[in-house]
Amino acid sequence: MKLLTLLVAGAAVPLISAAPASTAIVEDTSALDADASVTAATLAHSSKDIYPAKQPQNVNGFNYTYPSTLWFYNLTSTVKKSQEVLEMAFMDLLPPNYNPFSSVGPREPQTVLLLHGKNFCGPTWYAAATPLQKAGYRVILPEQLGFCKSTKPTQYTFDLKALATNTRNLLKALGVTKPPIVIGHSLGGMLASRYALTYPEFTKSLVLVSPIGLEDWKQLGVPDRSFDLLTGDEKATTYGSLRGYEQVTYYPGADWTEDFDKWVVMLTKVYEGDQKEKFWADQAHVVEMVLGQPTIHEYNKIKPKTLLVIGEKDNTAIGKLWSPPDVQAKLGNYAVLGRQAQAAIPDATLVSFPYLGHAPQIQDPEMFNRLLSSWVNNDGRTLESLKLNATIIR
């Protein structure tokens with residue numbers, strides 16, 4: 001198979017030039033959740049702005065089968081002067097025997113909100129979501145505007161606070177009245193921290209999994225990059241470049257597996273979809289957003305109880321690729337960044353894994369689910385009993 005070489009974060013990385021033929025055409029064929037009919041019946045009564053996707057397989061430039069019913073939240077009316085329809089895709093996993101609009105039966109369960117990263121979509125959370133659903137939690141997996149199955153807007157101003165507000169409005173439309181446990185990974189972690197800062201009264205607790213934004217990249221010397229160049233970066237993205245980047249950043253030192261590869265194949269479908277030009281532009285705006293809206297300076301204002309999950313082999317740093325060597329050398333040291341973030345947040349627990357990279361929930365899902373179960377059930381009071389290969393700092 002032909003190999004290419006890509007410069008990732010200052011290192012030359014051998015890449016496969018295209019997705020393996022046998023892998024590229026494989027869709028996620030996981031069975032739809034057993035409670036889909038119950039979910040449909042209940043969500044149909046929640047809001048006129050909530051409705052099922054009519055063509056869930058191929059919508060908004062993303063041809064991919066989701067493991068659960070795909071829904072849309074139409075948030076057009078909440079965005080001032082919007083001249084395009086804005087639909088936020090999401091999955092909603094209701095616990096067994098729960099109907100949010102019934103006067104009989106179980107009362108409102110605890111909601112868990114799972115926020116995806118830049119190179120991820122709702123399905124990448126599914127292995128963590130289903131155990132929570134079975135344990136009695138309502139699990140909501142939204143996809144932000146510009147990502148995955150959601151609208152690829154052409155006139156939207158990407159802003160972390162606006163994305164947090166969109167997410168809060170989704171919860172309102174779904175009839176969620178109890179503050180959720182907010183869990184975010186990567187860019188989703190950055191968004192989760194902004195959500196908690198914006199809506200502290202409507203955040204039960206916070207889980208930041210390998211969050212980006214633990215350092216202020218521009219302050220540390222990352223140079224500006226034009227929108228045209230950022231769009232060109234996105235346009236040049238392929239299966240090979242994604243796999244090469246994830247190998248050295250998300251799973252450094254680990255053998256490449258099908259469990260890693262399937263998410264690269266999934267993401268490639270958005271980059272090559274029939275709305276790819278819109279997607280490239282939206283992702284360029286997202287990079288501008290994260291570079292210009294750091295949250296680390298406000299970590300001392302985070303009020304909810306917080307869990308930080310860090311992989312010490314992670315080296316993610318937005319802008320590192322186009323930075324000079326002296327700047328590259330001081331970016332992305334998560335073994336240090338995790339400890340600094342834990343010290344900054346008033347009520348934070350750090351669990352730092354020496355053997356993991358940027359995606360702990362994918363690299364070691366069994367461990368991650370045990371960790372998450374401990375946190376959501378008792379705020380992590382039993383973490384030490386899990387005997388994790390990790391450093392725990394409270």
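- Applying the ring pair (Phe, Tyr, Trp, His ring centres under 6.0 Å) rule to F120 yields the partners H185, Y250; only residues at least two apart in sequence or on another chain are considered.
- Smallest separation of non-hydrogen atoms from I310 and S210: CD1-CA, 4.3 Å.
- Atom NZ of K161 has 12 or fewer heavy atoms from other residues, nucleotides or ligands within 6.0 Å.
- Remark: E87 does not engage K152 in a salt bridge, criterion side-chain N to carboxylate O under 4.0 Å.
- Contact annotation: the side chain of T237 never approaches that of L267 to less than 4.5 Å [non-hydrogen atoms, C-beta and beyond].
- Within the 4.5 Å cutoff, no side-chain heavy atoms of D159 are placed close to those of L163.
- Of all heavy-atom pairs spanning N166 and Y73, the tightest one is O-CE2, 4.0 Å.
- Among D261, T268, T238, the single residue meeting the side chain to side chain contact (heavy atoms under 4.5 Å, CB included) criterion with R243 is D261.
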### Message
Please determine whether side-chain contact (heavy atoms from CB on, under 4.5 Å) holds for the pair N119 and W263, giving the CA-CA distance in whole Å, both sets of side-chain angles, and the decisive distance to 0.1 Å.
### Response
CA-CA 9 Å; N119 290 335; W263 303 127; over 6 Å; no

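- Considering I318, T295, L214, I296 in turn, T295 is the only one that fulfils the side chain to side chain contact (heavy atoms under 4.5 Å, CB included) rule with M190.
- Annotation: ring-ring contact (aromatic ring centres under 6.0 Å, His included) contacts involving residues 137-173, sequence neighbours excluded, comprise H116-F147, Y156-F158.
- Annotation: the span from L113 atom CG to R138 atom CZ amounts to 11.0 Å, rounded to 0.5 Å.
- Using a 4.5 Å heavy-atom cutoff, the side chains of M266 and C121 are in contact.
- Atom NZ of K172 and atom OG1 of T167 lie 12.0 Å apart (nearest 0.5 Å).
- Side chains of N300 and I345 form no contact here, defined as non-hydrogen atoms less than 4.5 Å apart.
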What donor-acceptor contacts under 3.5 angstrom involve side-chain atoms of residues 333-340, with partners at least two apart or in another chain?
| from | atom 1 | to | atom 2 | distance (Å) |
| --- | --- | --- | --- | --- |
| Y334 | OH | T316 | O | 3.2 |
| R339 | NH1 | A335 | O | 2.8 |

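- Geometrically, K149 engages F62 in a cation-pi contact defined by less than 6.0 Å to the ring centre and at most 45° from the axis.
- Side-chain contact check for T76 and N74: at least one donor-acceptor pair (N or O, by modelled atom type) lies under 3.5 Å.
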### Message
With salt bridge (charged side-chain N to carboxylate O under 4.0 Å, His left out) as the criterion, how do K305 and D347 come out once you've worked through the C-alpha distance, each side chain's angles and the decisive distance to 0.1 Å?
### Response
CA-CA 5 Å; K305 192 176 183 67; D347 188 5; 3.7 Å; yes

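- Side chain to side chain, E234 and Y271 meet the donor-acceptor criterion of an N or O pair below 3.5 Å.
- Taking both residues in full, the closest heavy atoms of F260 and D255 are given as CE1-O, 3.4 Å, listed atom of the first, atom of the second, then distance.
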### Task
Would you please test I212 and V290 for side-chain contact (heavy atoms from CB on, under 4.5 Å) and show each step?
CA-CA 9 Å; I212 62 171; V290 299; 4.1 Å; yes

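- Under the 4.5 Å side-chain contact rule for hydrophobic residues, V85 and V79 do not share a cluster.
- Rounded to the nearest 0.5 Å, atoms CZ (F227) and CD (E288) are 6.5 Å apart.
- A pairwise comparison of heavy atoms in L331 and A317 identifies CB-CB, 3.7 Å as the closest pair.
- Separation of atoms OG1 (T154) and NE2 (H285) is listed at 9.0 Å; rounding is to 0.5 Å.
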### Chi angles and distances behind the side-chain contact (heavy atoms from CB on, under 4.5 Å) call for T165, T78
CA-CA 9 Å; T165 298; T78 69; over 6 Å; no

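- Atom CD of Q83 is surrounded by 12 or fewer heavy atoms from other residues, nucleotides or ligands within 6.0 Å.
- In the model, T65 has a side-chain atom that pairs as donor or acceptor with a side-chain atom of Q57 under 3.5 Å.
- Side-chain polar atoms of Y126 and Q133 form no donor-acceptor pair below 3.5 angstrom.
- Other residues, nucleotides and ligands place more than 12 heavy atoms under 6.0 Å from the CD atom of E201.
- No donor-acceptor distance shorter than 3.5 angstrom exists from the side chain of T203 to the backbone of S205, with no hydrogens or angles considered.
- Remark: R225 engages D233 in a salt bridge, criterion side-chain N to carboxylate O under 4.0 Å.
- Counting heavy atoms of neighbouring residues, nucleotides and ligands inside a 6.0 Å radius, atom CG of D326 exceeds 12 of them.
- Looking at residues two or more places apart in sequence or on another chain, you find a side-chain hydrogen bond (donor to acceptor under 3.5 Å, both in side chains) between E108 and T177.
- Atom OG of residue S352 and atom CD of residue E312 lie 3.5 Å apart, to the nearest 0.5 angstrom.
- The two residues L70 and A89 have their closest heavy-atom pair at CD1-CB, 3.9 Å.
- At least one side-chain heavy atom of V376 sits less than 4.5 Å from a side-chain heavy atom of L132.
- Counting heavy-atom neighbours within 6.0 Å of K178 NZ, excluding the residue itself, gives a total above 12.
- Between W322 and L229 the shortest side-chain heavy-atom distance does not fall below 4.5 Å.
- Annotation: the span from L371 atom CG to F353 atom CZ amounts to 5.5 Å, rounded to 0.5 Å.
- Formation of a donor-acceptor pair under 3.5 Å by the Q363 side chain with backbone atoms of L356 is not found in this model.
- For Q247 (side chain) and A254 (main-chain N/O), a donor-acceptor pair under 3.5 Å exists by modelled atom type.
- Side chain of N315 to backbone of V248: a donor-acceptor contact under 3.5 angstrom is found.
- The backbone N or O of Y66 sits nowhere less than 3.5 Å from a side-chain atom of S68 that would complete a donor-acceptor pair.
- Panel note: side chain W125, backbone L115; a donor-acceptor pair is recorded below 3.5 Å.
- A salt bridge between E272 and K276 is absent, with no side-chain N of the basic residue lying under 4.0 Å from a carboxylate O of the acidic one.
- A donor-acceptor pair is defined here as one N or O able to donate and one able to accept, closer than 3.5 Å; such a pair exists between the side chain of Q293 and the backbone of L160.
- Between K118 and V287, the closest side-chain pair of non-hydrogen atoms falls below 4.5 Å.
- A pairwise comparison of heavy atoms in T151 and P153 identifies O-CD, 2.9 Å as the closest pair.
- Side-chain contact between I392 and T349: present, with at least one pair of heavy atoms (C-beta onward) separated by less than 4.5 Å.
- Y199 pairs by the ring pair (Phe, Tyr, Trp, His ring centres under 6.0 Å) definition with Y195, not counting sequence neighbours.
- For W280, there are no side-chain hydrogen bond (donor to acceptor under 3.5 Å, both in side chains) partners, not counting sequence neighbours.
- Within the 3.5 Å criterion, the main-chain N or O of G146 finds a donor-acceptor partner in the side chain of Q283.
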#### Entry: Criterion side-chain contact (heavy atoms from CB on, under 4.5 Å) on L114 and V139, from CA distance to verdict
CA-CA 7 Å; L114 295 174; V139 187; 3.6 Å; yes

